[in-house]
Amino acid sequence: MGTITTINPANGSELETYEEHDKETALGKVDACHEAFLAWKLKSLQERADIISAIGKALRDNKEELAQLMTDEVGKLIGDSRDEVELCASICDYTAKTGPDELADEKRNPDNADHGIVTYSPIGVVYGIQPWNFPAYQVVRYAIANLMAGNGVLLKHASNCTGSGLKLEEIFREGGLPENLFTVLLLDHDLSDDIIAHEKVRGVTLTGSDKAGKHVAEKAGKLLKPTVLELGSNDAYLVLEDADLDMAAEVCAQARLYNNGQTCINGKRFIVTEKIYDDFLERFVSRFEAIKTGDPNADDSDMGPMARSDLRDTLQEQVDESVEKGAKIECGGAIPDGDGAYYPATVLSNVNKGQPAYDDELFGPVASVIKAKDDEDAMRLANDSRYGLGGGILSSDTERAVELAKKHFDTGMVFVNVYGVADPSMPFGGVKDSGYGREHGGLGVKEFTNAKSIFVGSPS
């Protein structure tokens, strides 16, 4: 049994040290969560919704403390941390309002019975493995949906935001959630596989890399356990020939740099048609050069540090390899001197296939600008990826952009003339190596339910 020490990436100082759970303790917590589920599943949909609504209030009541903890643990701008807590509370509001209708019994008229009922029954304990980039939102996104569905919820959070996970456990209890129904497990990866294999764990959801997703899918699939996987991506934003270039540069810069450039649906590849390429690149680079990187608690900081120094080192290696293979640094591109895991806003041009900046996910504030022959070629390049989470289209012809999004963009989400992270009313998820399954949008509450058919005949 080891320990977890959290580090402030803005200055390298140690925050807290936590004892990991041994196997006996962890498995006992699974059993306790299952026992709590057996009572929770009998609550009415409205009873569950009322508690979820109260969790939303508890999140708002604890906004400052939770936001500061997230900023300290992963380096998010303090304003973004506050916005994240509010997003979590809005997910509770939305789920409490819509969940009872989404999960309500549906009447059918089968030929072989007087009538039929489709009921969405909870399946049991759902195990979530979550990353650090949104320490509260990633948890709330799957946990609240599954609690609404009547399931129990386990969380293995990223070790560098352990405190945020434990704080959420406190907040859920403050909102009136029964004890053990939402449980944080402090585990290493080997013990995590034992949790997946536990007979009382009925479903697994993971947000993380495609490598981690394949591992979890294999472990769960061998046991016929359903999974939802929200994995990485190298989302493409298309700047078409008719785009307003100032607006496009602004939206694309926001899409790349939001959350210190560490978001699965950040724009990462910016595909620009040849006709407007030079004009766009000039505007785009000027916005990156104006970014002030600094203390995430300071109001005048545009960007904080990356979450860990090792992640920054990996990003630098990807930049260096891309440059060795022909990419050009337009701005940034080097680790600065001084304390903290800071990395400058960086633009790479002359990005082509075979470079990490084209093929892989660069999880930090580095933008890859790619030249396309025309709009059709831009769409081809956008889909030339093993990933398919999100993407964007910048165009003055909104109707045409929407048609491209619907018929040609091979991703789970598309943003037209705007950048956004998530909204509880819209499905969230991807295709290809970006995973499968959906959260939010009325679909998330049903992913780990049993759509049970009941055929009802006359008793006489």
Side-chain angles (χ1 to χ4, degrees), residues 2 4 6 18 20-21 23 25-27 29-30 33-34 70 73-74 88 123-147 151-169 172 181-233 262-264 307-308 311 361 363 389 422 428-430 433-440 444 447-448:
I4 297 168
T6 52
Y18 306 89
E20 289 183 335
H21 295 139
K23 185 172 182 178
T25 300
L27 297 182
K29 286 181 175 291
V30 179
C33 186
H34 177 74
M70 291 193 293
E73 288 190 322
V74 302
C88 291
I123 61 172
V125 174
V126 174
Y127 177 40
I129 303 167
Q130 299 302 318
W132 45 262
N133 56 334
F134 289 88
Y137 166 68
Q138 301 284 14
V139 177
V140 167
R141 186 171 71 194
Y142 87 95
I144 291 300
N146 279 291
L147 292 169
N151 294 319
V153 177
L154 302 171
L155 167 65
K156 180 193 180 303
H157 218 332
S159 60
N160 58 324
C161 56
T162 296
S164 296
L166 292 170
K167 183 61 180 177
L168 286 170
E169 189 175 45
F172 280 30
L181 194 61
F182 173 80
T183 297
V184 176
L185 301 176
L186 306 184
L187 311 171
D188 62 22
H189 292 299
D190 290 338
L191 190 49
S192 179
D193 288 346
D194 291 332
I195 301 301
I196 293 173
H198 194 295
E199 64 177 0
K200 290 186 174 69
V201 170
R202 293 287 300 276
V204 184
T205 180
L206 173 138
T207 299
S209 69
D210 51 325
K211 179 180 178 181
K214 290 171 183 175
H215 174 85
V216 167
E218 180 182 9
K219 293 294 181 181
K222 285 181 177 179
L223 299 167
L224 301 180
K225 296 185 180 184
T227 50
V228 169
L229 302 177
E230 193 278 281
L231 310 178
S233 194
Q262 299 168 118
T263 302
C264 52
R308 300 197 312 258
L311 298 171
E361 180 175 38
F363 210 67
L389 185 60
F428 189 105
D433 279 10
S434 291
Y436 51 77
R438 291 294 180 269
E439 295 171 307
H440 291 327
E447 283 283 1
F448 291 105

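Model, not experiment: these values are computed from the prediction.
Closest non-hydrogen pair, Arg438 versus Glu447, comes out as N-OE2, 2.7 Å. Here the closest heavy-atom approach between residue Ala197 and residue Leu223 is recorded as CA-CD1, 3.5 Å. Closest non-hydrogen pair, Ser209 versus Leu231, comes out as O-CD2, 3.5 Å. The two residues Gln130 and Gln138 have their closest heavy-atom pair at OE1-O, 3.4 Å. Shown here for Val201 and Ile195, the closest heavy-atom pair between the two residues is CG2-O, 3.3 Å. Minimum heavy-atom separation, His21 to Val184: CE1-O, 3.5 Å.
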Steps toward side chain to side chain contact (heavy atoms under 4.5 Å, CB included) verdict (Thr183, Val153): CA-CA 6 Å; Thr183 297; Val153 177; over 6 Å; no
Step-by-step salt bridge (Lys or Arg N to Asp or Glu O under 4.0 Å) determination, Glu218 to Lys222: CA-CA 6 Å; Glu218 180 182 9; Lys222 285 181 177 179; 3.7 Å; yes
Verdict with reasoning, Asn151 to Arg202, per side chain to side chain contact (heavy atoms under 4.5 Å, CB included): CA-CA 10 Å; Asn151 294 319; Arg202 293 287 300 276; over 6 Å; no
Check against side-chain hydrogen bond (donor to acceptor under 3.5 Å, both in side chains), Tyr142 and Thr207: CA-CA 10 Å; Tyr142 87 95; Thr207 299; over 6 Å; no
Evaluation steps, side chain to side chain contact (heavy atoms under 4.5 Å, CB included), between Asn133 and Phe363: CA-CA 10 Å; Asn133 56 334; Phe363 210 67; 3.5 Å; yes
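Side-chain atoms of Gln262 come within 3.5 Å of backbone atoms of Ala307 as a donor-acceptor pair (strictly under, hydrogens ignored).
For Tyr137 and Trp132, the ring centers sit 6.0 Å or farther from each other.
Annotation: Lys200, atom NZ; neighbour count of heavy atoms from other residues, nucleotides and ligands within 6.0 Å is above 12.
Remark: Ser159 OG to Glu20 CD distance equals 8.0 Å, nearest 0.5 Å. In this structure, Cys33 SG and His198 NE2 are separated by 10.0 Å, a value rounded to the nearest 0.5 Å. Within the model, atoms CG of Asn160 and OG1 of Thr6 stand 8.5 Å from one another, a figure rounded to the nearest 0.5 Å.
Every residue meeting the side-chain contact (heavy atoms from CB on, under 4.5 Å) condition with Lys23, not counting sequence neighbours, appears here in chain and number order: Leu27, Leu191, Asp194.
Residues Thr205 and Leu229 are not in side-chain contact: their nearest non-hydrogen atoms beyond the backbone lie 4.5 Å or more apart. Considering only heavy atoms from C-beta on, Glu169 stays 4.5 Å or farther from Leu155 through its side chain.
A side-chain donor from one of Ser192 and Tyr127 sits under 3.5 Å from a side-chain acceptor of the other.
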